[in-house]
Colleague: 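Take a look at this one; I'll ask things after.
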Amino acid sequence: MKEISKHYNPQEVEPKWREFWEKEGIYRFNPKAKGEIFSVDTPPPYVSADHLHAGHVMSYAQAEFVVRFKRMRGFNVYYPMGFDDNGLPTERFVEKKYKINRSKISRSEFIKLCLEETKKGSENYRKLWTLLGISVDWTKTYSTINKHCRRISQWSFIDLYKKEKIYRAKKPILWCTACRTAIAQADLEAEEKESNLVYIKVKVETGDEIVFATTRPELLPACMGISVHPNDKRYKKLIGKKITLPLTKKKITLTADVATDMKYGSGVVYYCSYGGGECIEWLSRHPEAKAIELVLPNGRFSKNGGSYEGMKVLEARKKIVEDLQKAGAIEKIEPIKHSVYVHERCGTDVEYIESEQWFIKLLESKKEFLKRGQELKWFPKTMKRIYDEWVENLKWDWCISRQRYFGVPFPVWHCAKCSEVILPDEKDLPVDPLEEQPRIKACPKCGAKVFLPEKDVFDTWQTSSLTPIISQKLMGDAATQKKLYPSSLRPQAFEIIRTWLFYTIVKSHYHHNHLPFANAMISGHGLDEQGRKISKRLGNYIPPEKIIEEYGADAMRYWATGATLGQSLRFNILEVKKGRRTTTKLWNVARFMAMHEKKPKLIANSDHLERADFWILEEMDKTIAEVTKNFENYTYAKAKDKIDDFFWSKLADYYVEFIKYRLFGEDKKSKDAAIRTLTTVFFNVIKMYAPIMPFVTEEIFQTFFKGAEKSKSIHLSGWPEEISASGGKAADISDFKEAIKAIDEIRKFKTEKGISLGIDIKSLKLKTKVNLKKYGDFLKKAGRVKKIT
RNA sequence: GGGCGCGUAGCUCAGUUGGUUAGAGCAUCUGUCUUACAAACAGAGGGUCAGAGGUUCGAGUCCUCUCGCGCCCACCA
């Protein structure tokens, strides 16, 4: 054995084991290995995040603790890693970073930049994950824009199209004028904004004047109708009468609509195409009204805007209010705060425009999705509510087409003559219709020979909702694939339940009619030390690399273990420091153990064990049982507390002190029993710590326990089992806690007298009631008192 | 507007099905270099369990209301 260093130094130790794990392929998946498969549907992070912080560490470490536990429990773990790179976040990141205007750069040039950036991003992640010792199999990786994923994503589209779960339609959709693309309901975010409620007066042909209130006066040129409640006494007599709108002088008919709230504002609503979802619904109830296209995809007014043509929405709002005021058509303006929908990626107010898009049907299957949610095992259970509420409140089918560049292309051509949808053969996937032509030479419907490529790309979730299948198909053979999907575990954060989790369930349900994963483990957020969200803008974080450099990856992970599922966790440097101290303490106990015995000797039989040995073994068994249970339930924070308590407060503070007199004494049998007990207990302690602190435990395993178990790494060794040595023929130690109380009393006595605990005192009269016949000798020697009465 | 969660020591949090005197870590104070560890150890002080009411022999724990914080959802123009 090489010389054992006095201090544990993570900066030296950690790189060594990183290299070892990589070289030896410790975490590599072997389909032929024994054990039940435990497959993880690892979240593929958006690689556009160039600033990784404690929150990222926390959310990825959670799956890692469980995975390492499962691996030691004998499961054959499949833990791949993916990166989500396509889609809006990346495009926006690239646009911002290079300050480019997407319309002034070619599609291929733009994609090239995106690919370069995402490569950097994924390397960032990989570097940090490797530093942290995240035990993924780096030979099993994917990126959502690579060929493998494009193929599966396009296959998914074709399969659902054939199953009639996908359709194309021209209808009012949600639109982001900044990103210039259609978006889905899941991409919306409600934001509280200040606005003005403008009360506008209109003339009725009877000579009456009525007033309606709106936050969107600029849509006046697209006004299609005005409604009141049929039972509203104020307006009943005016229903059916013509109204002349100010400015446009357009005439419309006042209609009755039960959806109108008599109590809100003036009880009069005006509808425009399209002020919001309610306008679309109103249109469906009033077939006589015709939609007017006002806001164009670029966010500017169309020629239907008359003199406002070409203005942006907010400009037009200002101008129209001014003009209305001049025309004397405004009764009053009330500043209000109300929530408006914005595009969550860019914060731009969402517009509703009419456009032709692709949709995956959701609304017709709500009940089935709710049922799937019920089948899924949620950790914590309460997270299911977020899912249920989302599904229940769905208002739109899933719009999957995006008018963007950096995404998986639709595998679709349109017949130039009859618009028939032409799909490629599945064996040709992935295809890029912009660069390829379909195999068929003529349209099967009309015989025309010209095909136009579909230019849209998929919503990024169209692809990432397939991660369990993408992961599964990274393995070549069908027999293995079958075991990998559905996945055993989906770990993820709560804020993407309505997107990633929901969409994945949708896909799996439609494609294979089962759940995509059996268990969902939902994490909360990592917050800063004051409880604020960690963000680049606030700069309220220390880069994890810095923390790791100073305290070690184990210490960083130690903090992350403190998270309770579904709850936010504040970053706490003190916890990191405690983690660092724990590594030091572990190292010191290891050195102490090795001082007395070079080779690890575990308990072989219980013949010479003494009461203190039985006591610590019993405590160990209790700890193993509790820690195991907690890891099983994903409550690793509690598991950590239990291990800490046992290790610091029972093993280090008491047991080690209890056996010093035996280790330095003459009684060989007693010494042997003590060292075997210590070795056994400590071995199990480092095994229990292994999922949390893989580096220090590996170092101790390789330095001190080589030979105790033949596995190549502690992370492939077996999880501790209760040895129940204190049961059966073992001595009765139910009164051992009295002895501990007596020890406490001795310690207190010395402390209060200012005497070092290591100094022998002549005599002490104990107040604690304890069986001196049984424990007198032990108390004298362990407590260093010559005479006890 | 509806729903969920939280509020326990100066700080960060544990407190399982209601049951002796409410716990831990950090911080504070006192002592100790004890043949693993001063990055440690031994000890001490510190709490109207957000507030009010109720159920009960007994409430941090169950019920009702109030206040404060966080989050999710909701087309109110």
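Everything numeric here is computed off the predicted structure, so don't read it as measured data. The figures here come from the full heavy-atom set of this structure, side chains too, leaving out hydrogens, waters and symmetry mates. Every chain is numbered from 1, with letters handed out A, B, ... down the list of sequences.
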Colleague: Counting the atoms with a prime plus P, OP1 and OP2 as sugar-phosphate, which does Thr382(A) contact under 4.0 Å by heavy atoms, base, sugar-phosphate, or nothing?
Modeller: nothing
Colleague: Counting only Watson-Crick pairs (N1-N3 plus N6-O4 or O6-N4) and G-U wobbles (N1-O2, O6-N3), all under 3.5 Å, who is the partner of rG53(B)?
Modeller: rC63(B)
Colleague: Checking contacts here: which listed nucleotide (rC75(B), rC26(B), rG2(B)) is nearest the side-chain heavy atoms of Lys395(A)?
Modeller: rC75(B)
Colleague: With rounding to the closest Å, how many angstrom separate the C1' atoms on rG60(B) and rU16(B)?
Modeller: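 Roughly 14 Å separates the two C1' atoms.
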Colleague: To the nearest Å, how far apart are Phe571(A) CZ and rU12(B) P?
Modeller: 15 Å
Colleague: Describe the nucleic acid contact of Gly754(A) in one word from base, sugar-phosphate, nothing, applying a heavy-atom distance below 4.0 Å.
Modeller: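 Gly754(A): backbone/sugar contact only, no base atoms under 4.0 Å.
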Colleague: Considering only the P atoms, how many Å lie between rG25(B) and rA40(B), rounded to the nearest integer?
Modeller: 12 Å
Colleague: What nucleotide, of rA42(B), rA36(B), rA39(B), holds the atom closest to the side chain of Asp653(A)?
Modeller: rA42(B)
Colleague: May I ask which nucleotide in the shown strands pairs with rA24(B), Watson-Crick or G-U wobble, both distances under 3.5 Å?
Modeller: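 With both distances under 3.5 Å, rA24(B) matches rU12(B).
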Colleague: NZ of Lys650(A) versus C1' of rA24(B): gap in Å, rounded?
Modeller: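 Spelled out: NZ on Lys650(A) to C1' on rA24(B) is 12 Å.
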Colleague: Using the C1' atom on both, measure rG43(B) against rG54(B) and round to a whole Å.
Modeller: 43 Å
Colleague: Answer with base, sugar-phosphate or nothing: what part of the nucleic acid does Gln185(A) contact at a heavy-atom distance below 4.0 Å?
Modeller: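 The residue Gln185(A) makes sugar-phosphate contact but no base contact.
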Colleague: In whole Å, what separates the C1' atom of rA9(B) from that of rG5(B)?
Modeller: 23 Å
Colleague: What's the separation between atom NE2 in His343(A) and atom CG in Asp187(A), rounded to the nearest 0.5 Å?
Modeller: 5.0 Å
Colleague: Return the value, rounded to whole Å, for the distance between atom CH2 of Trp648(A) and atom P of rA39(B).
Modeller: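 The distance from CH2 of Trp648(A) to P of rA39(B) comes to 12 Å, rounded to the nearest Å.
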Colleague: So does Lys748(A) get a side-chain nitrogen or oxygen closer than 4.0 Å to the phosphate oxygens (OP1/OP2) of rA44(B)?
Modeller: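 The answer is yes; a side-chain N or O of Lys748(A) sits under 4.0 Å from OP1 or OP2.
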Colleague: May I ask you to verify if any side-chain N or O of His7(A) is less than 4.0 angstrom from the OP1 or OP2 atom of rA36(B)?
Modeller: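 Looking at the OP1 and OP2 atoms of rA36(B), neither is under 4.0 Å from any side-chain N or O of His7(A).
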Colleague: Which nucleotide sits closest to the side chain of Asn572(A): rU12(B), rA74(B), rU32(B)?
Modeller: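 Closest nucleotide among those given: rU12(B).
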Colleague: Given rG3(B), is OP1 or OP2 found less than 4.0 Å from the side-chain N or O atoms of Arg385(A)?
Modeller: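 Negative; the distance criterion is not met.
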Colleague: Can you tell me how far C1' of rA40(B) sits from CD of Glu657(A), to the nearest Å?
Modeller: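 Taking atom C1' of rA40(B) as the reference, CD of Glu657(A) is at 11 Å.
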Colleague: rG1(B) pairs with which nucleotide, Watson-Crick or G-U wobble, both distances below 3.5 Å?
Modeller: rC73(B)
Colleague: When the P atoms of rC26(B) and rG19(B) are considered, how many whole Å apart are they?
Modeller: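 Roughly 28 Å separates the two P atoms.
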Colleague: Is it true that a side-chain atom of Ser227(A) and a backbone atom of Leu254(A) form a donor plus acceptor pair closer than 3.5 Å?
Modeller: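 Checked: no pair found.
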Colleague: Honestly, is Lys585(A) close enough over Phe647(A), meaning NZ or CZ under 6.0 Å from the six-membered ring centre and within 45° of the axis?
Modeller: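 No, a cation-pi geometry is absent between Lys585(A) and Phe647(A).
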Colleague: Can you tell me how the ring of Trp282(A) sits relative to the ring of His286(A), calling it parallel under 30°, perpendicular over 60° and tilted otherwise?
Modeller: parallel
Colleague: Nearest whole angstrom, please: distance from the C1' of rG70(B) to the CG of Leu527(A).
Modeller: 10 Å
Colleague: What distance, rounded to whole Å, do you find between the two P atoms, one in rA42(B) and one in rC37(B)?
Modeller: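 The answer is 15 Å between these two P atoms.
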Colleague: So, do His525(A) and Phe494(A) have ring centers that fall under 6.0 Å from each other?
Modeller: yes
Colleague: Look at all strands and tell whether Ala652(A) reaches a base, only sugar-phosphate, or nothing, counting heavy atoms closer than 4.0 Å.
Modeller: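 The answer is base, as Ala652(A) lies within the cut-off (heavy atoms under 4.0 Å) of a base atom.
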Colleague: So which nucleotide from rA74(B), rC75(B), rA36(B) ends up closest to the side chain of Glu278(A)?
Modeller: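 So the nucleotide nearest the side chain must be rC75(B).
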Colleague: Whole angstrom is fine here: how far is it from CZ in Arg662(A) over to P in rA36(B)?
Modeller: 16 Å
Colleague: Look at the side-chain N and O atoms of Tyr341(A) and state whether any lies under 4.0 Å from the OP1 or OP2 oxygen of rC75(B).
Modeller: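 Affirmative; the distance criterion is met.
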Colleague: Would you say a side-chain N or O of Lys578(A) is under 4.0 Å from OP1 or OP2 of rU12(B)?
Modeller: no
Colleague: Provide the Watson-Crick or G-U wobble partner of rU17(B), both distances under 3.5 Å; none if there is no partner.
Modeller: none
Colleague: Under 4.0 Å: is that the gap between some side-chain N or O of Gln567(A) and OP1 or OP2 of rG7(B)?
Modeller: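 False: Gln567(A) side-chain N/O out of range (4.0 Å or more) of rG7(B) OP1/OP2.
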Colleague: Rounded to the nearest Å, what distance is computed from the NZ atom of residue Lys629(A) to the C1' atom of nucleotide rU16(B)?
Modeller: 8 Å
Colleague: Nearest to the side chain of Val269(A) - rA77(B), rA39(B), rU34(B)?
Modeller: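 Closest of the options to the side chain of Val269(A): rA77(B).
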Colleague: For Arg747(A) and rG31(B), is the shortest distance between a side-chain N/O and OP1 or OP2 below 4.0 Å?
Modeller: no
Colleague: What residue among Glu752(A), Lys753(A), Glu745(A) forms side chain to side chain contact (heavy atoms under 4.5 Å, CB included) with Phe749(A)?
Modeller: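 Single side chain to side chain contact (heavy atoms under 4.5 Å, CB included) partner of Phe749(A) among Glu752(A), Lys753(A), Glu745(A): Lys753(A).
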Colleague: What contact category does Asp261(A) fall into here, base, sugar-phosphate, or nothing, at under 4.0 angstrom with non-hydrogen atoms?
Modeller: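 Base, at least one base atom sits under 4.0 Å.
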Colleague: Give Leu757(A) one of three labels, base, sugar-phosphate or nothing, depending on what nucleic acid heavy atoms sit under 4.0 Å from its own.
Modeller: base
Colleague: With the side chain of Phe592(A) defined as its heavy atoms from C-beta on, choose the nearest nucleotide among rC73(B), rA36(B), rC75(B).
Modeller: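 Out of rC73(B), rA36(B), rC75(B), the nucleotide with an atom closest to Phe592(A)'s side chain is rA36(B).
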Colleague: Rounded to the nearest angstrom, tell me the gap between atom CZ in Arg580(A) and atom C1' in rA40(B).
Modeller: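 After rounding, the reported distance stands at 14 Å.
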Colleague: 5'-most contact on RNA chain B: Ser266(A) or Ala190(A), nearest heavy atom basis?
Modeller: Ala190(A)
Colleague: Taking atom CD as the centre, does Glu192(A) end up with more than 12 heavy-atom neighbours from other residues, nucleotides or ligands that are less than 6.0 angstrom away?
Modeller: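 Above 12, so yes.
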Colleague: With both distances kept under 3.5 Å, what pairs with rC6(B), Watson-Crick or G-U wobble?
Modeller: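 rG68(B) - that is the nucleotide pairing with rC6(B), both distances being under 3.5 Å.
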Colleague: Can you tell me how far C1' in rG47(B) sits from the matching atom in rG7(B), rounded to whole Å?
Modeller: 14 Å
Colleague: Would you kindly check if the NZ (Lys) or CZ (Arg) of Lys781(A) is within the cone defined by 45 degrees around the ring axis of Tyr661(A) and under 6.0 Å from the six-membered ring centre?
Modeller: no
Colleague: Take Phe494(A) and Lys6(A), find for each the nucleotide of RNA chain B with the closest heavy atom, and name the residue whose nucleotide sits nearer the 5' end.
Modeller: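 By nearest-heavy-atom nucleotide position, the 5'-most residue is Lys6(A).
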Colleague: Looking at Arg581(A), I'd like to know whether one of its side-chain N or O atoms comes within less than 4.0 Å of OP1 or OP2 on rC37(B).
Modeller: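 It does not, given that no N or O in the side chain of Arg581(A) lies less than 4.0 Å from OP1 or OP2 of rC37(B).
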Colleague: Short question: side chain of Gln185(A), backbone of Trp396(A) - any donor-acceptor pair under 3.5 Å?
Modeller: yes
Colleague: For the side chain of Thr751(A), starting at C-beta, report the closest nucleotide among rA42(B), rA36(B), rA14(B).
Modeller: rA42(B)
Colleague: Between Gln11(A) and Glu549(A) (side chain of the first, backbone of the second, donor and acceptor by atom type, cut-off under 3.5 Å), is there such a pair?
Modeller: yes
Colleague: Sticking with atom P, work out how far rC75(B) lies from rA14(B), rounded to a whole angstrom.
Modeller: 34 Å
Colleague: State the pairing partner of rA40(B); accept Watson-Crick or G-U wobble contacts with both distances under 3.5 Å, and report none otherwise.
Modeller: rU32(B)
Colleague: Thr260(A) has a side chain; which of rC73(B), rA77(B), rC13(B) sits nearest to it?
Modeller: rA77(B)
Colleague: Looking at Lys533(A), I'd like to know whether one of its side-chain N or O atoms comes within less than 4.0 Å of OP1 or OP2 on rC71(B).
Modeller: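 No, outside the criterion.
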Colleague: Compare side-chain N and O positions of Lys660(A) against OP1 and OP2 of rA36(B) and report whether any pair is under 4.0 Å apart.
Modeller: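 Answer is yes, contact under 4.0 Å.
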